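Every number for a ligand or one of its atoms is a count from 1 in the order of the listing. Nothing here was measured: the structure is a model prediction, and the numbers come from that model.
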Amino acid sequence: MLKLDGVSKVYRVGAFGGRALTAVSGVGFEVGEGEVVSLIGESGSGKSTIGRMVLRLTQVSGGTITLDGRDISSIRDRKEYYRQVQGVFQDPFSCFNPIFRADRVFALIKEQYFPGVGAREWRGRVEDALESVRLDPGNVLGKYPHQLSGGQLQRMLIARAVLLDIRLLVADEIISMLDASTRIDVLNLLADLRARGLGILFVTHDLSLGNYVSDRTVVLRDGRIAEMGPTPLVFGDPRHPYTRSLLAAVPRLHTKWTDAPVDGTADGTAEERAEDLPCAYHEAAQGSRTRPGLAEVADGHFVACSGCAGAAPEEKKMKERA
Ligand SMILES: Nc1ncnc2c1ncn2[C@@H]1O[C@H](COP(=O)(O)OP(=O)(O)OP(=O)(O)O)[C@@H](O)[C@H]1O
């Protein structure tokens with residue numbers, strides 16, 4: 001369904017746009033029907049930029065993004081595209097105009113996409129969509145955004161996507177602002193939608209969430225893919241030192257921060273990372289024709305050479321020392 005191939009994004013920054021900032025470089029992965037793919041990485045690694053490019057909110061600088069083989073930038077009718085692909089973002093409040101009732105988001109969809117549907121039938125469809133995201137229509141219809149919780153608003157936005165019967169949802173940090181119990185509700189809701197065939201690009205900096213929801217995981221570092229593959233492989237057998245350090249830094253439920261090792265990771269794996277270098281995947285990554293810069297270490301499990309161009313400076317230094 002969705003395919004990114006060698007996608008890059010360069011922003012012009014600084015005074016008069018005189019400096020180039022490469023936010024995303026040579027990224028390629030797919031999202032199939034009924035598949036959840038997590039895009040994981042630290043702040044600034046380029047996750048949202050990728051989401052925005054998929055949503056056509058930001059132009060691609062290099063490479064292609066295709067939907068069913070069609071370059072999305074060639075789809076002139078944006079409405080046709082947004083009928084299939086929608087985004088939901090971190091802050092649900094910012095998606096609603098406080099002076100209008102929250103259900104205006106549904107009215108706008110009707111106006112744009114379903115002008116011929118009668119009022120009664122539309123009301124039925126809205127109620128069904130709300131129930132499918134476990135909202136009681138009687139509780140939320142007719143209310144203003146400030147009368148609803150963040151979780152309710154987030155679900156209304158997902159209901160809007162359900163009404164459009166989209167094929168791909170870009171979910172960018174959608175549960176970061178929700179409390180723990182609402183989070184799990186929204187995650188389970190995504191699982192329902194996935195079971196109905198919806199593809200989901202799940203953008204998060206939270207590894208445990210990525211592990212919980214996704215079939216496949218793409219780990220981004222400085223705009224490049226460090227590692228990607230089936231989630232159980234990436235989390236169960238991480239090969240890139242960066243993935244390992246991210247996983248090691250996840251706080252453990254029964255460990256107090258005062259008991260954490262002083263090297264900054266939760267289980268003291270800094271030594272292990274140094275031992276990994278020089279990189280065992282250098283030749284395979286260089287030689288790959290299908291996934292340039294990535295070595296396939298198991299079926300569908302790819303890892304970047306930690307010493308190649310684009311690797312973080314401290315990794316390069318470690319490689320030189322090794
Ligand atoms: N519109 C823009 N103009 C210039 N630079 C930008 C723009 N948007 C993002 N960037 C830069 O691109 C890089 C990647 O940003 P992006 O928001 O994609 O990262 P992210 O991984 O989603 O981070 P976060 O988790 O903090 O949202 C950052 O260095 C950021 O400062």
Side-chain angles (χ1 to χ4, degrees), residues 2 4-29 31 36-65 72-73 85-95 150 154 157 168-178 183 186-187 190 200-214 216-228 231 234-235 238 240-243 245-247 249-251 293 304 309-315:
L2 181 83
L4 282 79
D5 194 3
V7 170
S8 303
K9 177 68 192 179
V10 179
Y11 290 112
R12 303 304 311 179
V13 293
F16 307 110
R19 206 162 52 81
L21 186 150
T22 303
V24 175
S25 181
V27 165
F29 63 87
V31 184
V36 182
V37 175
S38 278
L39 207 49
I40 293 180
E42 289 171 309
S43 183
S45 56
K47 308 179 297 294
S48 295
T49 298
I50 292 176
R52 290 174 61 79
M53 287 191 284
V54 170
L55 288 167
R56 298 187 61 180
L57 300 173
T58 300
Q59 265 191 350
V60 172
S61 307
T64 51
I65 302 179
I72 62 168
S73 63
V85 181
Q86 287 275 319
V88 179
F89 301 94
Q90 177 172 14
D91 178 8
F93 291 96
S94 65
C95 298
Q154 202 63 287
L157 293 173
L168 178 80
L169 180 72
V170 177
D172 189 345
E173 303 279 9
I174 60 168
I175 55 176
S176 314
M177 291 179 68
L178 307 180
R183 272 175 166 217
V186 173
L187 287 178
L190 292 185
I200 302 174
L201 180 59
F202 189 80
V203 176
T204 183
H205 61 270
D206 187 326
L207 274 90
S208 42
L209 282 181
N211 187 27
Y212 184 79
V213 296
S214 60
R216 281 190 305 123
T217 295
V218 178
V219 180
L220 269 190
R221 182 184 205 188
D222 295 336
R224 292 173 185 266
I225 293 177
E227 184 158 1
M228 70 174 178
T231 300
V234 173
F235 280 78
H240 197 284
Y242 178 63
T243 316
S245 65
L246 279 182
L247 286 169
V250 175
E314 71 272 21
E315 272 179 17

Open item on the list: Once side-chain contact (heavy atoms from CB on, under 4.5 Å) is applied, do any residues pair with S73, and if so which ones, sequence neighbours excluded?
Closed with: D71
- [ ] State which residues pass side-chain contact (heavy atoms from CB on, under 4.5 Å) with Q90; sequence neighbours excluded, sorted by chain then number.
- [x] E173, S176, M177
Open item on the list: Please check this pair: side chain of E227 against backbone of T243, looking for a donor-acceptor N/O pair closer than 3.5 Å.
Closed with: no
- [ ] Please check if the side chain of K9 supplies one atom and the backbone of Q59 the other of a donor-acceptor pair under 3.5 Å.
- [x] yes
- [ ] Apply salt bridge (charged side-chain N to carboxylate O under 4.0 Å, His left out) to R216 and list each qualifying residue two or more places apart in sequence or on a separate chain.
- [x] E35
TODO: Look only at the side chain of Q86 and the backbone of L55, and say whether a donor-acceptor pair between them is shorter than 3.5 Å.
DONE: no
Task: Residues lining ligand 1 [heavy-atom distance under 4.0 Å, listed by chain and residue number] - done: Y11, V13, L21, A23, E42, S43, G44, S45, G46, K47, S48, T49
